[in-house]
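Before any comments, here is the structure.
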Amino acid sequence: MSDKEKIIDFKKHEDFIEQYVDLRNSYTELLLTAPVNISDTKEWLKRNDIEVRGILHDDILLGVIILYLNRGGEIAFFVKEKDQGIGSKLLKIAEKLAQEKELKSLWAWVLVGNFIAQRVFEKNGFLKEGISERQYKNVIKQGYTYKKFIVEV
């Protein structure tokens with residue numbers, strides 16, 4: 001983290017939800033999800049089975065990591081600008097959260113064509129476990145499952 005970067009917990013910092021919604025909605029096709037709005041996001045953040053962190057630089061949201069506790073440590077991340085190292089920083093945050101929550105592993109499902117995310121996961125020690133399919137807008141999409149076992153410190 002640079003001196004001007006800080007990590008925020010979206011459950012405690014509602015003032016950045018609009019930036020979260022804008023950034024997240026720019027990734028609907030890669031996340032295979034529908035767009036979200038501010039009010040639904042505020043309600044979603046009240047759940048106990050998720051952790052959502054962001055990296056800010058001068059109050060500009062650079063990226064977000066979501067940890068789904070009810071999905072066995074599934075994670076998803078998205079960044080404002082690619083190739084800036086933000087994805088790697090977000091994965092480190094997820095690993096720290098996983099340790100705090102006593103999770104044994106983290107995993108993610110990544111579209112076959114999302115080479116940037118694949119590279120970030122592989123660079124950070126996640127192993128490609130296999131390929132599977134998901135349906136999105138009546139189209140079958142293929143993706144890889146990446147997994148990393150969490151080492152206790």
Side-chain angles (χ1 to χ4, degrees), residues 1-111 113-129 136 143-153:
M1 280 304 147
S2 75
D3 291 344
K4 292 191 174 195
E5 290 177 357
K6 68 179 178 179
I7 301 168
I8 62 160
D9 179 343
F10 279 94
K11 293 181 179 190
K12 299 175 183 171
H13 292 277
E14 283 195 359
D15 40 334
F16 295 101
I17 289 178
E18 187 173 338
Q19 286 187 62
Y20 166 88
V21 167
D22 289 344
L23 182 59
R24 190 214 168 279
N25 285 343
S26 71
Y27 277 86
T28 56
E29 294 297 315
L30 289 175
L31 295 170
L32 304 184
T33 60
V36 298
N37 61 48
I38 292 171
S39 62
D40 289 345
T41 298
K42 286 180 178 181
E43 282 303 306
W44 177 72
L45 286 167
K46 292 177 183 175
R47 294 173 44 171
N48 292 325
D49 59 353
I50 56 164
E51 293 292 336
V52 186
R53 300 293 187 276
I55 297 176
L56 296 176
H57 182 274
D58 289 335
D59 289 339
I60 303 295
L61 184 62
L62 301 180
V64 173
I65 185 94
I66 303 170
L67 170 58
Y68 297 94
L69 300 170
N70 63 336
R71 297 185 194 169
E74 182 180 5
I75 56 175
F77 75 89
F78 37 96
V79 299
K80 189 173 185 78
E81 294 183 31
K82 296 168 180 60
D83 295 323
Q84 303 294 312
I86 301 301
S88 292
K89 291 176 183 179
L90 291 166
L91 291 179
K92 298 291 183 243
I93 292 167
E95 288 179 38
K96 187 172 189 264
L97 281 169
Q99 288 173 340
E100 291 170 9
K101 300 293 182 180
E102 299 179 352
L103 297 176
K104 302 281 187 236
S105 62
L106 293 172
W107 70 276
W109 190 86
V110 180
L111 282 168
N114 189 348
F115 303 112
I116 293 172
Q118 291 174 38
R119 188 175 72 232
V120 173
F121 280 111
E122 290 168 8
K123 187 170 79 172
N124 286 280
F126 283 74
L127 301 175
K128 191 184 289 184
E129 288 210 319
Y136 176 67
Y144 298 113
T145 300
Y146 282 88
K147 188 170 188 176
K148 183 173 185 177
F149 289 95
I150 303 302
V151 181
E152 292 183 30
V153 241

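Being a predicted model, the structure only gives us computed values, none of them experimental. Sequence positions, counted from 1, serve as the residue numbers for this chain. What you see below is based on every heavy atom in this structure, not just the backbone, and it leaves out hydrogens, waters and symmetry mates.
Looking at residues two or more places apart in sequence or on another chain, you find no salt bridge (charged side-chain N to carboxylate O under 4.0 Å, His left out) involving Lys80. Among residues two or more places apart in sequence or in another chain, the salt bridge (charged side-chain N to carboxylate O under 4.0 Å, His left out) test is passed with Asp9 by Arg53. Under the side chain to side chain donor-acceptor pair (under 3.5 Å) criterion, Asn48 pairs with no residue, sequence neighbours left out. Checked against ring-ring contact (aromatic ring centres under 6.0 Å, His included), Tyr136 has no partners two or more places apart in sequence or in another chain. Every residue two or more places apart in sequence or in another chain that forms a side chain to side chain donor-acceptor pair (under 3.5 Å) with Asp40 is listed here: Asn37. Scored by the side chain to side chain donor-acceptor pair (under 3.5 Å) test, Glu81 finds no partners at all (sequence neighbours excluded). Every residue two or more places apart in sequence or in another chain that forms a salt bridge (charged side-chain N to carboxylate O under 4.0 Å, His left out) with Glu29 is listed here: Lys137. Residues meeting the salt bridge (charged side-chain N to carboxylate O under 4.0 Å, His left out) test with Asp58, sequence neighbours left out: none. The ring-ring contact (aromatic ring centres under 6.0 Å, His included) check on Tyr144 picks up nothing, with sequence neighbours excluded. The side chain to side chain donor-acceptor pair (under 3.5 Å) search around Thr33 returns Arg24, not counting sequence neighbours.
Between the CD atom of Glu5 and the NZ atom of Lys89 there is a distance of 3.5 Å, given to the nearest 0.5 Å. Considering CG of Leu90 and CD of Glu95, their distance stands at 11.5 Å, rounded to 0.5 Å. Distance check, rounded to the nearest 0.5 Å: CD1 of Ile55 to CD1 of Ile60 gives 14.5 Å. Here Arg119 contributes atom CZ and Lys82 contributes atom NZ; the two are 11.0 Å apart, rounded to the nearest 0.5 Å. We find the CD1-CD1 distance between Ile75 and Ile65 to be 4.5 Å, quoted to the nearest 0.5 Å. Atom-to-atom distance recorded for Leu97:CG and Leu69:CG is 8.5 Å, nearest 0.5 angstrom.
Of all heavy-atom pairs between Ala117 and Val110, the closest is CB-CG1, 3.8 Å. Here the shortest heavy-atom pairing between Phe10 and Phe16 reads CE2-O, 3.6 Å. Across all non-hydrogen atoms, the minimal contact from Ala76 to Leu31 is CB-CD2, 4.1 Å. What you find for Lys42 and Ile17 is that their closest heavy atoms are CG-CD1, 3.6 Å. Scanning all heavy atoms of the two residues, the minimum distance from Leu106 to Ala98 falls at CD2-CB, 3.8 Å.
The main-chain N or O of Ile50 is found under 3.5 Å from a side-chain atom of Lys11 such that the two form a donor-acceptor pair. Formation of a donor-acceptor pair under 3.5 Å by the Gln118 side chain with backbone atoms of Leu111 is found in this model.
Screening Ile93, Ile86, Leu91 against Phe77 for a side chain to side chain contact (heavy atoms under 4.5 Å, CB included) leaves a single residue, Leu91.
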Quick one: side chains of residues 120-127, donor-acceptor pairs under 3.5 Å with protein atoms, not counting sequence neighbours, listed by atom name and distance.
from   : atom 1 : to     : atom 2 : distance (Å)
Glu122 : OE2    : Tyr146 : OH     : 2.7
Asn124 : OD1    : Lys92  : NZ     : 3.2
Asn124 : ND2    : Ser88  : OG     : 2.9
Asn124 : ND2    : Val120 : O      : 2.7

Worksheet item: What's the verdict on side-chain contact (heavy atoms from CB on, under 4.5 Å) for Val79 and Gln84, showing C-alpha distance, side-chain angles and the deciding distance?
Response: CA-CA 9 Å; Val79 299; Gln84 303 294 312; over 6 Å; no
**OP:** Dump the intermediate steps for side-chain contact (heavy atoms from CB on, under 4.5 Å) on Arg47 and Val52, then the final yes or no.
**Re:** CA-CA 11 Å; Arg47 294 173 44 171; Val52 186; over 6 Å; no
Review point. Taking it one step at a time, do Asp22 and Leu61 satisfy side-chain contact (heavy atoms from CB on, under 4.5 Å)?
Key: CA-CA 10 Å; Asp22 289 344; Leu61 184 62; over 6 Å; no
| said: Run Lys6 and Asp59 through side-chain contact (heavy atoms from CB on, under 4.5 Å) and show every step you take. | reply: CA-CA 9 Å; Lys6 68 179 178 179; Asp59 289 339; 4.1 Å; yes
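For the pair Thr28/Asn25, a side-chain contact is recorded, criterion being any heavy-atom separation below 4.5 Å from C-beta on.
The local environment of CD in Glu102 is sparse, with at most 12 non-hydrogen atoms from other residues, nucleotides or ligands closer than 6.0 Å. Within 6.0 Å of the NZ atom in Lys96, the count of heavy atoms belonging to other residues, nucleotides or ligands does not exceed 12.
Each ring-ring contact (aromatic ring centres under 6.0 Å, His included) pair with one or both residues in residues 79-109, not counting sequence neighbours, would appear here, but there are none.
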